[in-house]
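Since the structure comes first, as structure tokens, the remarks are kept for the end.
As the structure lists them, so they are numbered: ligands from 1, and atoms in each ligand from 1. Residue numbers run from 1 in the order of the sequence given.
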Amino acid sequence: MNTMTNSAQAPRRLTILGATGSVGCSTLEVVLHNRERFEVVALVGNTNISLLAEQAVACNAQLAVTADETRLGELKNLLAGTGIEVAAGDAAVIDAAQRPADMVVAAIVGAAGLKPTLAAAAQGTTIALANKECLVCAGDVFLRALQASGAKLLPVDSEHSAVYQVLDQNQPDQIDKIILTASGGPFRSYEHAQLASITPDQALKHPNWSMGPKITVDSSTLMNKGLELIEAFYLFPVSANQLDAVIHPQSIVHSMVAYKDGSVLAQMGEPDMKTPIAYALGWPNRIPAPVKRLDLAALGQLTFEAIDRTKFPAVALCLGCLERGGSATTVMNAANEVAVAEFLSNNVAYLGITQLVDATLNAAEKDGMIAELRSLDDVSHADLYGREKATELARSLQS
Ligand SMILES: NC(=O)c1ccc[n+]([C@@H]2O[C@H](COP(=O)([O-])OP(=O)(O)OC[C@H]3O[C@@H](n4cnc5c(N)ncnc54)[C@H](OP(=O)(O)O)[C@@H]3O)[C@@H](O)[C@H]2O)c1
């Protein structure tokens, strides 16, 4: 049952998974900007113990949890005398996700976010979803869990928040297309040959958004757009061929819905995650966010261009996975996580990221690993296969 409260008197009880990350920190900023509207139940982080402790004090959280069991003593010391409960380890993360709350912000990066988010969803808690893997790796399994408990799902990603804000849920048959915008990343104007020598430092500099390292690299390869198209497929009532993406370098139009009458509705704003986060945290009401106001006259112009799918094969790769169905997106996501980590460790070249993902998918097809996902075990199995196969292929590329 969905327990979300929304009266002006009752503060919304909030848990933040991945509190110490980029989305987590922005969420805390919105919460502290609207102090009377929220009561923080639990904050979950992993390695950044000092920030976790600082955040827990700042928002007077009931509980602070690190996923890293070896750091419990450190967290305890930092929070001694504050009255804030502390815990550590994977089981403690799940417990935190299951504590009674009105909303859980799912902002742990990667597949590690899947189990705690599913645990919160199973309780019927509203999920404000930033973590992509819940839908990309486990779309059907995750949606079934939400359906079973009646938990509501609110998108946090700026593109999906934009679509959510302009989508007429009552007339899905009148939707022509959902069009996600992509900044095009830092290498949009590079020639294909120039992409070969991109270094991790270059890939970690996003022109418009400030984000965690994994998603920043994904934005540069446009894999992030591909992952978002997969998420959109699960979030909205459209088929894969109604999904499209367009380059919009200014990142002001966050996405659009085109209707069959020719209208195209877009949501705009400064490229700042605090706006979509505030939309999710306050839903169904709007609440203020500490962001710069959009000044269109100062901007002068907004431009759009088609994605060069030869230079950036990740978008087609992701749409192809939707066509393959079943575990294809799970394997693809796992291979991409490995490929990005190998690139950041200088073990795989920049162009090798999508090549490695493609090679892993082809191997999965050959090995009979593209199959229907019926349970979390199926998801874990496909995820593990993708990781092991991509690691094996990465090693063979190096030798
Ligand atoms: N950043 C954005 O603007 C943005 C936009 C849309 C969607 N997203 C999605 O939101 C998610 C978070 O992105 P991000 O950019 O905020 O990532 P990030 O800055 O790397 O932060 C990741 C968070 O997850 C925590 N974490 C990592 N491994 C964990 C584990 N095993 N157990 C528990 N916590 C763990 C980290 O803790 P420590 O830092 O303490 O180690 C940190 O709090 C990703 O799925 C991303 O694709 C991000």
Side-chain angles (χ1 to χ4, degrees), residues 15-30 42-56 64-71 74-75 78 87-97 104-117 119-120 127-138 154-164 180 182-183 204 206 208-219 221 223-228 230-232 235 251 254-255 270-277 279-280 291 333 336-337 340-341 344:
T15 284
I16 307 173
L17 307 175
T20 46
S22 169
V23 171
C25 288
S26 295
T27 304
L28 245 297
E29 271 190 69
V30 175
L43 296 181
V44 172
N46 190 28
T47 56
N48 198 341
I49 307 300
S50 53
L51 178 60
L52 181 61
E54 205 180 290
Q55 290 178 327
V65 178
T66 163
D68 183 350
E69 250 159 343
T70 66
R71 313 288 297 273
E74 206 179 319
L75 186 61
L78 287 169
D90 291 340
V93 173
I94 303 284
D95 283 347
V104 165
V105 178
I108 290 176
V109 66
L114 189 54
K115 279 189 185 163
T117 310
I127 307 292
L129 187 71
N131 172 283
K132 293 182 190 300
E133 288 70 19
C134 289
L135 290 171
V136 173
C137 308
L154 293 165
V156 163
D157 215 341
S158 59
E159 291 79 0
H160 304 101
S161 174
V163 172
Y164 197 83
L180 304 189
S183 70
L204 287 172
H206 194 281
N208 303 340
W209 295 92
S210 157
M211 307 181 286
K214 197 276 182 173
I215 185 173
T216 304
V217 175
D218 283 348
S219 295
T221 57
M223 178 59 84
N224 187 49
K225 209 47 51 186
L227 298 177
E228 286 173 3
I230 295 170
E231 285 181 278
L235 282 167
S251 298
H254 298 306
S255 279
E270 283 287 330
D272 188 327
M273 282 302 293
K274 291 193 285 296
T275 294
I277 288 169
Y279 183 78
V291 295
N333 177 72
N336 182 55
E337 280 193 27
V340 171
L344 289 175

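What sits closest to atom 21 (O) of ligand 1 on the protein, heavy atoms only, is G21 CA, 3.1 Å. In this structure, atom 32 (N) of ligand 1 lies nearest to the protein heavy atom A67 CB, 3.2 Å. In this structure, the protein non-hydrogen atom closest to atom 31 (N) of ligand 1 is A112 CB, 3.4 Å. Summary of contacts: the protein heavy atom closest to atom 39 (O) of ligand 1 is T20 OG1, 3.3 Å. Ranking the protein heavy atoms by distance from atom 47 (O) of ligand 1 puts K132 CE, 3.3 Å first. Protein heavy atom closest to atom 19 (O) of ligand 1, with residue, atom name and distance, is S22 N, 2.8 Å.
Taking any N or O of N46, backbone or side chain, at least one lies under 3.5 Å from an N or O belonging to ligand 1. Inclusion of V44 in the set of residues having an N or O under 3.5 Å from an N or O of ligand 1 is not warranted. Checking only distances, V23 does come within under 3.5 Å of ligand 1, N or O to N or O. The distance criterion of under 3.5 Å between nitrogen or oxygen atoms is not met by D157 with respect to ligand 1. In terms of N/O distances under 3.5 Å, ligand 1 is not approached by G24.
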Which donor-acceptor pairs under 3.5 Å do the side chains of residues 19-26 make with protein atoms, sequence neighbours left out?
unit_1	atom_1	unit_2	atom_2	d
S22	OG	S210	O	3.3
S26	OG	S22	O	3.2

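Atoms of ligand 1 lying under 4.0 Å from any heavy atom of E133, numbered from 1 in the order shown and given with element: 45 (O). Atoms of ligand 1 found under 4.0 Å from any heavy atom of T47, numbered from 1 in the order shown, are 38 (P), 40 (O), 41 (O). Less than 4.0 angstrom separates some heavy atom of M273 from each of these atoms of ligand 1: 3 (O), 5 (C), 6 (C). Atoms of ligand 1 found under 4.0 Å from any heavy atom of A130, numbered from 1 in the order shown, are 7 (C), 8 (N), 9 (C), 10 (O).
Looking at residues two or more places apart in sequence or on another chain, you find no salt bridge (charged side-chain N to carboxylate O under 4.0 Å, His left out) involving K115.
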